[in-house]
Amino acid sequence: MVFYLILCMKWTLFLFRIAILTNACFLVTVVLRWINIAMIPATFMSTLVIAGWVLAPLVNSALFFLTIVMPKPRPPVLSKPYPLIYIFFLLIELLFINKIL
């Protein structure tokens with residue numbers, strides 16, 4: 001049981017770091033909507049779009065799911081304020097993807 005908790009904590013910390021990167025990519029793509037992107041290389045833009053618009057909702061929903069399923073004690077990245085951040089980013093991303101915002 002202890003080994004399982006340690007393994008889960010390492011994976012949640014890894015997912016948390018990936019979530020930070022993908023959410024940052026999402027924010028960059030949102031800002032780039034109002035900027036002329038003709039000078040930005042296509043490979044860089046495609047990486048930003050895939051990380052920000054495809055991976056970010058998946059990682060945020062996975063972390064939110066882990067906050068519900070994870071047994072106690074939970075790692076700090078699944079404590080009280082962080083699931084609200086995952087839900088906030090997930091809702092904003094889904095609203096942008098569905099072109100509501």
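Bear in mind the structure is a predicted one, so any value in this text is a computation, not a measurement.
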Exercise. Are Ile85 and Phe96 connected, step by step, through hydrophobic side chains (Ile, Leu, Val, Met, Phe, Trp, Tyr) whose heavy atoms are closer than 4.5 Å?
Worked result: yes

For this session: Would you check if Ile92 and Phe26 make a side-chain contact, meaning some heavy-atom pair closer than 4.5 Å?
Result: yes

Exercise. Can Ile97 be reached from Ile50 by stepping across I, L, V, M, F, W or Y side chains whose heavy atoms are under 4.5 Å apart?
Worked result: no

Exercise. Rounded to the nearest 0.5 Å, how far apart are OH of Tyr86 and CG of Leu91?
Worked result: 15.0 Å

For this session: Using side-chain contact (heavy atoms from CB on, under 4.5 Å) as the criterion, list what pairs up with Leu32, not counting sequence neighbours.
Result: Val28, Ile35, Ile37, Ile40, Met45, Leu48

For this session: Could you grab the distance from atom OG1 of Thr22 to atom CG of Leu58, nearest 0.5 Å is fine?
Result: 9.0 Å

For this session: Give the cluster check for Val30 versus Phe88: same hydrophobic cluster or not, with ILVMFWY residues linked at side-chain heavy-atom distances below 4.5 Å.
Result: yes

Exercise. Atom CZ of Phe89 and atom CG of Asn60: how far apart are they, to the nearest 0.5 Å?
Worked result: 7.5 Å

For this session: Could you tell me whether the side chain of Leu27 reaches within less than 4.5 Å of the side chain of Val31, counting heavy atoms only?
Result: no

Problem set entry | Cluster companions of Leu90 among Ile, Leu, Val, Met, Phe, Trp, Tyr (side-chain spacing under 4.5 Å) | Leu94

Seminar exercise, completed: Scanning both residues in full, the closest heavy-atom pair of Pro57 with Gly52 reads CD-O, 4.0 Å

For this session: Report yes if some heavy atom in the side chain of Ile20 is under 4.5 Å from a heavy atom in the side chain of Phe16; otherwise report no.
Result: yes

